[in-house]
Amino acid sequence: MPFSLIIYLFSVVWLQGKSRKRREKSVMASKEKFAGIDRELRKIINANMDGVSARRRARDAFKDVQLGIDHILFKTPCEGLKMKESYEVNSRGLEVFTKSWLPKLSPPKAVVCFCHGYGDTCTFFFEGVARKLATSGYGVFAMDYPGFGLSEGLHCFIPSFEKLVDDVIEQFSKFKGNPEFCSLPSFLFGESMGGAVALKVHLKHPKAWNGAILVAPMCKIADDMVPPWAVKQFLIGIANFLPKHKLVPQKDLAEAAFRDVKNRELVAYNVIAYKDKPRLKTALEMLKVTQEIESRLQEISLPLLILHGEADIVTDPSVSKALYEKASSSDKTFKLYRDSYHALLEGEPEAVITQVLNDIISWLDEHIRKSGES
């Protein structure tokens, strides 16, 4: 047997063995969490989510269950709001899911375009964030990237981060180009990997936005979340042959990202989120884009609000501080939340989530006032 094949098989066995106990624990927790649902619903949410039809079916079937979730974001009222969901085919021929939240009784003060995180969707926790922003007078627009959530494509597969960013620019340009909104200030809002997306959008079109809100932005993946050097080199070597394969070892993201145990348990209800090991090409594209952004921090010139948990072990808060220090913008704010983990808007105690939301809205209000005075 060739030595390279021996190394390959050894690595596969090592990686699979390393994650087996975590998978078994996750499955047991899922069965216990959803013990009260009927067999048909269980079959739907346990289906293979690689294809978008399965994800859309699961989301539709699980809507009523999600309404009863005991989380502050799901208690955000939607009275007085106009909410719209739609599917549009983009220039690459991919059907993309979009959603908007607008105040019903008055025109919005500004446009906020949201970039979601790794493996996530704009139809779960972000619903509450968007409602809070919309009730504060902002028009909120979001999309699921191709391959994520309710958009078409292989689940959580990023063959090219550049193309993903181009898809986002195309969709956000449509939102902003609407005659109803084209004269309004516009802001990017990126969370985790969405922070990297937002920064790439800005770097491609430096003058297109009035500011950016970055929550635990993925400017660098924390060293503790990156595979050992030898494993990483091996994975890079086989990515060209198995780009869609799920071989990258990963810690339990919910445990690493959610400080509040009760909120951590609610992650299971986000049934269309990607919870498996990262695909090879996806992991390498994310690593590549963080290296690029880290090397271009001084080129970031728009007004910034950077929010990060001090105890975040998923994305590195020290790099957020470096972004704050190196960005060429003269209008920048950095807030570090003591003892907080990665998921500032979803996984913290209610008091922290409320504080983060208030900080975001206060910053937006201040910048709307500034734009009105100028």
Side-chain angles (χ1 to χ4, degrees), residues 22-79 81-87 97-101 114 116-135 140 142-145 147-152 155-156 191-192 252-255 257-276 343 345-350 353-354 357:
R22 189 181 300 119
R23 284 202 310 271
E24 291 171 354
K25 182 179 178 182
S26 176
V27 169
M28 290 293 291
S30 178
K31 287 181 178 178
E32 185 177 319
K33 174 63 66 179
F34 300 130
I37 67 175
D38 61 42
R39 180 180 297 180
E40 188 60 30
L41 186 54
R42 185 180 299 279
K43 182 179 177 182
I44 291 172
I45 64 172
N46 286 337
N48 185 320
M49 297 284 179
D50 279 357
V52 68
S53 58
R55 301 195 296 271
R56 291 175 182 175
R57 187 162 54 248
R59 191 253 182 162
D60 288 342
F62 216 63
K63 271 183 178 179
D64 291 340
V65 177
Q66 291 175 337
L67 289 175
I69 292 176
D70 183 21
H71 189 286
I72 186 173
L73 293 179
F74 286 87
K75 299 172 185 176
T76 308
C78 57
E79 292 82 8
L81 300 181
K82 296 183 291 184
M83 295 179 288
K84 180 183 177 182
E85 297 184 355
S86 62
Y87 293 93
F97 172 83
T98 67
K99 184 158 186 175
S100 62
W101 299 259
F114 177 68
H116 66 71
Y118 167 78
D120 210 351
T121 172
C122 63
T123 61
F124 191 65
F125 281 126
F126 183 68
E127 289 272 1
V129 177
R131 290 177 186 180
K132 179 70 174 176
L133 292 173
T135 55
V140 184
M143 64 177 287
D144 286 341
Y145 316 133
F148 291 74
L150 302 175
S151 288
E152 189 177 9
H155 204 191
C156 209
E191 185 175 20
S192 192
D252 185 335
L253 277 182
E255 185 175 338
F258 281 63
R259 176 161 64 122
D260 187 277
V261 176
K262 178 180 70 71
N263 289 340
R264 185 188 305 163
E265 292 172 351
L266 299 179
V267 172
Y269 287 94
N270 191 359
V271 293
I272 62 171
Y274 185 82
K275 301 181 178 74
D276 210 336
L345 286 166
E346 306 90 0
E348 292 294 303
E350 287 193 3
I353 294 173
T354 300
L357 285 170

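Computed over heavy atoms, backbone and side chain alike; hydrogens, waters and symmetry mates excluded.
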Legend entry - Close side-chain approach of W101 and E127, heavy atoms under 4.5 Å: yes
Legend entry - CG-CZ distance between L266 and R264, expressed to the nearest 0.5 angstrom: 11.5 Å
Inset, instruction - Find the distance between CZ (F97) and CG (L150) and round it off to the nearest 0.5 Å. - result: 5.0 Å
Inset, instruction - Assign the ring pair H155 / Y274 to parallel, tilted or perpendicular, where the plane angle (0 to 90°) is split at 30° and 60°. - result: perpendicular
Inset, instruction - Would you indicate whether K43, at its atom NZ, is surrounded by more than 12 heavy atoms from other residues, nucleotides or ligands within a distance under 6.0 Å? - result: no
Legend entry - Heavy-atom donor-acceptor pair, R55 side chain to M49 backbone, under 3.5 Å: yes
Inset, instruction - Quick one: pull up NZ in K132 and CD1 in I72 and give me the separation to the nearest 0.5 Å. - result: 8.0 Å
Inset, instruction - For the pair S151 (side chain) and D144 (backbone), establish whether a donor and an acceptor sit closer than 3.5 Å, ignoring hydrogens and angles. - result: yes
Inset, instruction - Could you tell me which non-hydrogen atom of A58 sits nearest to which non-hydrogen atom of I272, and how far apart they are? - result: CB-CG2, 4.2 Å
Legend entry - Pairwise side-chain contact, F148 with C122, heavy-atom cut-off 4.5 Å (strictly under): no
Inset, instruction - May I ask you to test the E346-N263 pair for a side-chain heavy-atom distance under 4.5 Å? - result: no
Inset, instruction - Decide yes or no for K99 and V140: does some side-chain heavy atom of the first lie under 4.5 Å from some side-chain heavy atom of the second? - result: no
Legend entry - Pairwise side-chain contact, I44 with V271, heavy-atom cut-off 4.5 Å (strictly under): no
Inset, instruction - Please round to the nearest 0.5 Å and tell me the distance separating atom CD of E152 and atom OG of S53. - result: 10.0 Å
Inset, instruction - Kindly give the heavy-atom pair with the smallest separation between F74 and I69, and that separation in Å. - result: CB-O, 3.8 Å
Legend entry - T76 versus L73, closest heavy-atom pair with distance: OG1-O, 3.1 Å
Legend entry - Considering all heavy atoms, the nearest A134-L81 contact: CB-CD2, 3.6 Å
Legend entry - Interatomic spacing from CD1 in I45 to CD in E40 - rounded to 0.5 Å: 11.5 Å
Inset, instruction - Report yes if the side chains of D260 and I353 come closer than 4.5 Å at any heavy-atom pair, otherwise no. - result: no
Legend entry - Mutual orientation of the aromatic rings belonging to F125 and F258 [parallel < 30°, tilted 30-60°, perpendicular > 60°]: tilted
Legend entry - Backbone N/O of Y269 and side chain of Q66: donor-acceptor pair under 3.5 Å: yes
Inset, instruction - For residues H116 and F126, establish whether the separation of their ring centroids is below 6.0 Å. - result: no
